[in-house]
2 protein chains.
Amino acid sequence: MSKKEALTRAAAELLWERGYTGTSPAMILERAHAGQGSMYHHFSGKAELAAAAMEHMSDQLRSRTEDALAGEESAVARVHAFLDLERDPLAGCRMGRLAQDYEIVADDGLRVTTADFFTWLGDRLSAVLAEGVRAGEFRPDTDPDVMASLIMATVQGGYVLARAHQDPAAFRRAVAGAKQVVASLVVSSGQG
Amino acid sequence: MSKKEALTRAAAELLWERGYTGTSPAMILERAHAGQGSMYHHFSGKAELAAAAMEHMSDQLRSRTEDALAGEESAVARVHAFLDLERDPLAGCRMGRLAQDYEIVADDGLRVTTADFFTWLGDRLSAVLAEGVRAGEFRPDTDPDVMASLIMATVQGGYVLARAHQDPAAFRRAVAGAKQVVASLVVSSGQG
DNA sequence: GTCTATATAACGATAGAC
DNA sequence: GTCTATCGTTATATAGAC
């Protein structure tokens with residue numbers, strides 16, 4: 001593994017664990033077993049390295065998400081598969097946590113990576129929901145965009161609650177609510 | 001206003017704007033128009049001042065929340081009033097944002113203030129929902145705890161999405177979803 | 001490409017005058 | 001109670017050897 005890749009991976013880990021403001025170049029160098037020179041040779045500074053690490057994380061998340069949302073099952077099964085993806089509630093969302101960081105939001109180059117991820121995720125969820133509506137699986141008055149927002153927000157908010165309580169159950173309870181809501185949209189379930 | 005109060009207010013503002021890690025004592029002193037001595041006379045350090053500021057914010061939020069959830073209206077009206085409270089989506093939640101901060105979660109004394117707030121909020125929402133169920137307003141299979149979690153998570157996640165996109169509409173879309181869900185629980189609406 | 005040495009500023013806390 | 005001066009440490013970046 002090149003030093004550049006080691007730096008990117010170490011930065012990704014630390015951004016996930018401690019956020020952007022809470023991560024220093026020195027921490028990254030130590031975890032990557034690299035010296036100052038390597039970092040400033042490959043990147044202009046902390047922000048550019050963080051941008052690379054965020055792209056890396058975004059790609060990972062998209063890949064994992066697509067595994068759940070693609071496939072031949074019913075729309076409700078695929079949305080449930082997304083909600084049931086293995087997650088670490090106490091760690092938080094790699095993208096969502098960073099969107100709460102002041103310096104990330106203040107730097108458009110960094111923020112846009114999080115925005116693009118959630119745009120992509122919302123579009124994918126909305127598309128699956130719309131498929132379900134067209135197929136007669138979901139009630140025709142289902143609003144795919146609003147429901148996609150609700151699903152994303154529930155997951156993100158679930159992380160917040162779990163971290164506040166330091167209890168993964170808080171995350172699971174919120175996601176359980178989202179699953180109930182999705183299930184309630186299914187026509188054959190008789191809205192009961 | 002005493003220096004102690006000025007410091008507490010300034011710290012509360014900065015914690016909201018920049019989080020715990022992103023706020024330095026120097027920033028607080030400048031905004032409070034106070035010197036180092038004032039801060040270290042009244043508080044043992046940054047953590048203790050932050051704790052006081054967080055208690056202050058928690059009290060504010062509880063008061064505002066109670067205004068929406070109390071009253072004589074129907075349960076659905078009160079939950080909708082909570083969801084419709086005036087918020088600044090781009091600023092984020094005073095408590096929720098801090099729960100994403102590494103140093104807050106690492107310091108139990110600080111984290112517990114956020115946990116207590118969400119415990120209180122969840123209990124209040126759950127109580128209102130349970131009232132609605134008992135009154136025959138909500139469907140009898142409504143799970144108040146799960147729905148309270150869903151509502152809290154939607155608001156918290158809405159903040160995350162709005163900050164990522166730098167667009168308050170992302171918050172409003174998620175909250176609109178939560179309102180639809182709550183409305184769908186009402187018996188007289190015919191689940192349609 | 002990678003390293004260490006160094007620089008400047010900010011961080012968080014303490015000392016001690018008034 | 002409030003202030004300024006100062007301390008030791010860390011954050012972020014640059015310089016320059018290899």
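Note on naming: letters A, B, ... go to the chains in the order of the sequence lines (proteins, then strands), and numbering restarts at 1 for each one. Only heavy atoms go into these numbers, but all of them, side chains included; no hydrogens, no water, no symmetry mates.
- Within 4.0 Å (heavy atoms only), A/T23 reaches sugar-phosphate atoms of the nucleic acid but no base atom.
- For the pair A/V155/A/F171, a side-chain contact is recorded, criterion being any heavy-atom separation below 4.5 Å from C-beta on.
- Classification of the B/H165-A/F118 ring pair by plane angle, with boundaries at 30° and 60°, yields perpendicular.
- Contacts of residues 41-54 of chain B with DNA chain D (heavy atom under 4.0 Å): B/H41, B/H42.
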Under the criterion salt bridge (Lys or Arg N to Asp or Glu O under 4.0 Å), I'd like the reasoning laid out for A/D108 against A/R111: C-alpha separation, chi angles, the key distance, then a yes or no.
CA-CA 5 Å; A/D108 246 47; A/R111 179 188 62 76; 3.1 Å; yes
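- Separating the CG atom of A/L29 from the C1' atom of C/dA5 is a distance of 14 Å, rounded to the nearest angstrom.
- For B/S184 (side chain) and B/V181 (main-chain N/O), a donor-acceptor pair under 3.5 Å exists by modelled atom type.
- Chain B approaches DNA chain D over the interval D/dG1 to D/dA5, counting the first and last nucleotide 5' to 3' with an atom under 4.0 Å from its heavy atoms.
- Under the side chain to side chain donor-acceptor pair (under 3.5 Å) test applied with B/R78, the options B/E73, B/E131, B/E72 reduce to a single match, B/E131.
- Nucleotide C/dG12 holds its P atom 15 Å from the CD atom of B/E30, rounded to whole Å.
- Within 6.0 Å of CD in B/E30 there are 12 or fewer heavy atoms belonging to other residues, nucleotides or ligands.
- A 6.0 Å sphere centred on CZ of A/F43 holds more than 12 heavy atoms belonging to other residues, nucleotides or ligands.
- Contact annotation for B/S24: backbone-only contact, meaning every heavy-atom pair under 4.0 Å involves sugar-phosphate atoms and none involves a base.
- Here C/dA7 presents its P atom at 17 Å from OH of A/Y40, a figure rounded to the nearest Å.
- The environment of CD in B/E5 is crowded: more than 12 heavy-atom neighbours from other residues, nucleotides or ligands sit within 6.0 Å.
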